[in-house]
Amino acid sequence: MYNRRALKKAGRQTIKKHYWMLLLICLFAAVIGTSFSDDLAFLTFGSANVDEIQDVIKDTKDKGMNGIIKRLVVGDEKGGQKIVDAAIKNEEESSEKIGVVEVGRKSGFLATAINTVSSGKLFMNIYQSAKSLTGSYRWGVGIAIVIAMLIYLLMFAFIQNVYEVVAARLILEGRTYKKVPFGRAMFIFRAKRWRRTAWTMLLKFIYHSLWSLTIVGYFIKRYSYSMVPYIVAENPDIKANEAITLSRKMMDGHKMQKFVLDLSFWYWHIVNFFTLGLFGVLFLNPYTSSVDAEYYSYIRDRAFVNHVENSKVLNDKYLFTKASEKNINQAYSDIIEKKSSFEMPEERKGFWGFLENTIGLVLIYDDKEKEYRRAMQKKNEIDAYEGAIKGEEYPLRMNPIMMDKGKKTDTLIHTRHYSLLNVIMIFFIVCFIGWIWEVTLHLISEGVFVNRGTLYGPWLPIYGGGGVAILLLLHKFKTKSPGVVFALSFIICGVIEYVSGWSIEHSTGLRYWDYRGHFLNINGYVCAEGLLIFGLAGVAGLFLLFPILDNFLMRIPFKVALPMVVVVVAIFIADNIYSKKVPNVEGMSQNARIDYLNKHPQEKAKYYKKYPQLKKEDESKENPTTEAQTKENPTTASVTKEEKDD
């Protein structure tokens with residue numbers, strides 16, 4: 001029996017169990033454009049408008065991608081470029097500072113990537129490349145439009161549409177079970193049904209678009225096809241037309257019922273309107289999504305009762321009802337047997353026992369550590385299935401299309417302990433990786449090889465320090481979810497980077513990195529972009545990179561590793577002492593480099609002779625009008641500079 005209040009109550013129960021999961025599901029859907037995108041309006045409220053900088057586009061009122069295409073079609077390439085420049089300027093000028101935090105996006109890789117897409121610069125770059133290859137601006141416009149449409153189609157078909165099914169699967173599991181593993185977001189991919197799912201959702205979109213031409217068909221077919229994502233989430237093996245037809249038959253006689261259910265949230269939508277979408281992000285979207293999942297469960301039951309044709313394909317019964325203890329024991333008998341005989345080895349005592357338990361550090365890799373790793377390998381396998389055995393999460397082994405055929409032996413064992421010698425070597429390896437990362441970024445962006453370290457050697461201590469801090473301080477959190485590790489890595493690396501930047505500048509007067517102008521930076525010492533990368537690197541390091549490095553380092557004989565580490569440490573100490581007396585100018589941020597060289601003119605000529613490209617960059621920074629004058633009037637700019645030098 002249909003009961004709207006009961007469906008909403010059940011939906012609220014799902015929110016209580018999985019609020020944060022539902023919030024993230026809906027928020028990500030809004031960000032990638034799957035649904036709820038209008039509720040992100042509060043993020044742009046109060047920002048600058050292109051109309052306020054209309055002087056940048058003096059000869060056109062066009063804006064956005066449509067304006068760019070319109071100008072290019074009529075051969076006005078300069079007009080299209082002005083629209084792009086105006087959009088980029090708009091983003092840069094909308095940056096503002098709230099206390100010590102700078103909000104905006106005008107510098108950094110993340111800002112560049114976002115602004116390149118949102119401003120239409122990417123489209124202009126594609127057009128200019130196509131025009132250069134074909135020698136025709138018309139061919140250039142045509143190719144750019146085709147490529148842009150192809151990119152959008154691929155994004156729409158394989159990401160936006162597929163995510164709708166992924167979200168449906170997560171919410172359906174959440175309504176039945178207490179836990180939904182993070183990895184369940186890869187359900188469609190593990191089932192190897194990604195392309196089939198994308199085709200089904202694309203065909204649904206095409207059918208609905210064609211019906212929308214009749215206007216009335218838009219509303220009717222919206223509800224006729226509304227169950228398709230849930231049907232595919234339950235059985236990704238179903239064919240496209242079968243899923244669409246089944247949804248249509250399941251909704252026969254229920255379309256008005258679902259319309260009234262959607263309409264019953266009207267008062268919440270009013271609240272959402274006056275909060276510019278913020279209420280939708282925080283509550284309404286998770287609420288309606290959980291209620292929609294409840295409605296699918298109801299309509300699915302009605303399909304069985306009414307013997308709807310082909311309803312037998314809805315065969316994932318454990319997605320809606322928990323399996324019996326007997327069936328669970330049969331499916332996971334091998335894991336239950338391992339659990340019954342499992343015993344953890346005896347812990348070490350004394351000082352090294354304390355270090356082993358708190359930060360996962362041991363003196364050497366001995367027989368006791370080998371015994372511990374064998375036990376942890378067995379425990380990790382047991383833990384992977386613990387939730388399913390207890391009935392707290394969906395039993396993947398009992399899925400109809402048998403996706404889970406057993407897990408491979410985990411040789412990485414991220415919960416391991418690390419020997420003191422290997423921790424020191426990991427420190428230097430991560431220092432070197434960080435140095436390579438910084439040098440490569442500068443080489444790509446500026447076309448010049450520069451030693452981007454704070455020292456003279458090929459190492460960046462802040463990277464190694466952050467890596468070791470994550471390795472040791474998060475030992476107790478290795479059994480937690482990647483989300484917890486990401487958040488803690490984000491915080492730890494942020495503190496290390498801020499304190500390091502502040503202390504270096506206040507002790508030496510030098511600033512080796514400067515994030516001012518980057519999105520969400522704090523006094524230029526840290527920024528959201530960098531911390532996001534550090535957070536992801538922390539997860540990758542703790543669960544993947546550090547175990548791989550440890551496996552490799554254990555193969556090096558102790559009598560070889562020890563003297564090698566002693567030599568490297570000695571060189572590292574000497575480098576630190578020398579760098580305090582003679583700072584590495586190449587590793588400084590541009591502002592710090594200019595200030596330092598102006599104070600030390602004897603080094604300035606030598607440095608700029610070695611790096612003429614950086615001399616040009618620094619001069620344009622100190623004299624921003626020179627470059628603009630050169631573009632407008634090269635002769636005048638040249639004279640002005642000569643007069644200034646005289």
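Keep in mind it's a predicted model, so treat the numbers as computed, not measured.
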Asker: Check the angle between the aromatic planes of Phe189 and Trp194 and answer parallel, tilted or perpendicular using the 30° and 60° thresholds.
Answerer: tilted
Asker: Decide yes or no for Ile413 and Pro547: does some side-chain heavy atom of the first lie under 4.5 Å from some side-chain heavy atom of the second?
Answerer: no
Asker: Can you check whether Arg416 reaches Met376 side chain to side chain, under 4.5 Å on heavy atoms?
Answerer: no
Asker: Measuring from atom NE2 of His18 to atom CG of Leu23, what distance do you get when rounded to the nearest 0.5 angstrom?
Answerer: 14.0 Å
Asker: Is the count of non-hydrogen atoms from other residues, nucleotides or ligands lying under 6.0 Å from Met155 atom CE greater than 12?
Answerer: no
Asker: Got a second to check how far Phe354's CZ is from Glu347's CD, nearest 0.5 Å?
Answerer: 12.5 Å
Asker: For side chain to side chain contact (heavy atoms under 4.5 Å, CB included), just list the numbers for Met21 and Val180, CA-CA rounded to whole Å, side-chain angles, deciding distance to a tenth of an Å, and then say yes or no.
Answerer: CA-CA 9 Å; Met21 181 189 78; Val180 181; 3.7 Å; yes
Asker: Is the closest side-chain heavy-atom distance between Val568 and Ile424 below 4.5 Å?
Answerer: no
Asker: Check Phe543 against Lys480 and note the closest heavy-atom contact, atom names and distance.
Answerer: CZ-O, 4.0 Å
Asker: How far apart are the closest heavy atoms of Ala144 and Ile126, and which atoms are they?
Answerer: CA-CG2, 3.8 Å
Asker: Can you check whether Phe342 reaches Lys379 side chain to side chain, under 4.5 Å on heavy atoms?
Answerer: yes
Asker: Could you state the interatomic distance from CD1 (Ile470) to CZ (Phe477), rounded to the nearest 0.5 Å?
Answerer: 13.0 Å
Asker: Does the ring centre of Phe490 sit less than 6.0 Å away from the ring centre of Phe534?
Answerer: no
Asker: With side chain to side chain contact (heavy atoms under 4.5 Å, CB included) as the criterion, how do Ile364 and Leu421 come out once you've worked through the C-alpha distance, each side chain's angles and the decisive distance to 0.1 Å?
Answerer: CA-CA 7 Å; Ile364 58 173; Leu421 197 62; over 6 Å; no
Asker: I want to check something: taking the side chain as every heavy atom from C-beta on, are Thr454 and Leu460 in contact at a cut-off of under 4.5 Å?
Answerer: yes
Asker: List in chain and number order the residues that pass side-chain hydrogen bond (donor to acceptor under 3.5 Å, both in side chains) with Ser500, two or more places apart in sequence or in another chain; answer none if no residue qualifies.
Answerer: none
Asker: Are Tyr418 and Val362 side-chain neighbours, meaning at least one heavy-atom pair lies under 4.5 Å?
Answerer: no
Asker: Please check if the side chain of Lys370 supplies one atom and the backbone of Tyr365 the other of a donor-acceptor pair under 3.5 Å.
Answerer: no
Asker: Is it the case that over 12 heavy atoms from other parts of the model lie below 6.0 angstrom from the CZ atom of Phe552?
Answerer: no
Asker: Looking only at heavy atoms, which two atoms of His475 and Asn357 are closest? And how far apart?
Answerer: CD2-O, 3.6 Å
Asker: We want to know whether Glu356 and Tyr372 form a side-chain donor-acceptor pair, criterion being a heavy-atom distance below 3.5 angstrom.
Answerer: no
Asker: Take Arg452 and Trp437, measure what side chain to side chain contact (heavy atoms under 4.5 Å, CB included) needs, and give me the verdict at the end.
Answerer: CA-CA 9 Å; Arg452 292 289 295 159; Trp437 167 262; over 6 Å; no
Asker: In chain order, what residues pass the salt bridge (charged side-chain N to carboxylate O under 4.0 Å, His left out) check against Arg373, with sequence neighbours excluded?
Answerer: Glu369, Asp550
Asker: Measure from the side-chain N and O atoms of Asn584 to the backbone N and O of Gly453, and report whether any donor-acceptor pair falls under 3.5 Å.
Answerer: yes
Asker: Keeping the roles fixed (side chain from Tyr163, backbone from Ile32), state whether a donor-acceptor pair exists under 3.5 Å.
Answerer: no
Asker: Verify, without hydrogens or angle tests, whether Asp575 (side chain) and Tyr456 (backbone) share a donor-acceptor contact under 3.5 angstrom.
Answerer: yes
Asker: Rounded to the nearest 0.5 Å, how far does CD1 of Ile548 lie from NE2 of His414?
Answerer: 13.5 Å
Asker: Mind checking the CG-NZ spacing from Leu455 to Lys580? Nearest 0.5 Å is all I need.
Answerer: 9.0 Å
Asker: Identify the heavy atoms of Phe182 and Pro482 that sit nearest to each other, and give their distance.
Answerer: CD2-CG, 4.4 Å
Asker: Would you say the side-chain atoms of Trp502 and Asn523 include a donor-acceptor pair closer than 3.5 Å?
Answerer: no
Asker: Quick one: side-chain hydrogen bond (donor to acceptor under 3.5 Å, both in side chains) partners of Gln160, sequence neighbours excluded?
Answerer: none
Asker: Of all the heavy-atom pairs spanning Ala561 and Met425, show the shortest one and how long it is.
Answerer: CB-CE, 4.1 Å
Asker: For the atom pair CG (Leu532) and OG (Ser489), what is the distance rounded to the nearest 0.5 Å?
Answerer: 12.0 Å
Asker: Is a side-chain donor or acceptor of Ser37 paired with a backbone partner of Ala30 at a separation under 3.5 angstrom?
Answerer: yes
Asker: How about NZ on Lys368, more than 12 heavy atoms from neighbouring residues, nucleotides or ligands closer than 6.0 Å, or not?
Answerer: yes
Asker: Salt-bridge test for Asp383 and Lys339: reply yes if a basic N is under 4.0 Å from a carboxylate O, no otherwise.
Answerer: no
Asker: Report yes if the side chains of Leu471 and Val423 come closer than 4.5 Å at any heavy-atom pair, otherwise no.
Answerer: yes
Asker: Mind checking whether Ile492 and Leu474 have side chains closer than 4.5 Å, heavy atoms only?
Answerer: yes
Asker: Could you check Leu170 against Leu22 for side chain to side chain contact (heavy atoms under 4.5 Å, CB included), going step by step and ending with a plain yes or no?
Answerer: CA-CA 9 Å; Leu170 294 172; Leu22 289 167; over 6 Å; no
Asker: If you take the centroid of each ring, where Trp contributes its six-membered ring, are Phe427 and Phe432 closer together than 6.0 Å?
Answerer: no
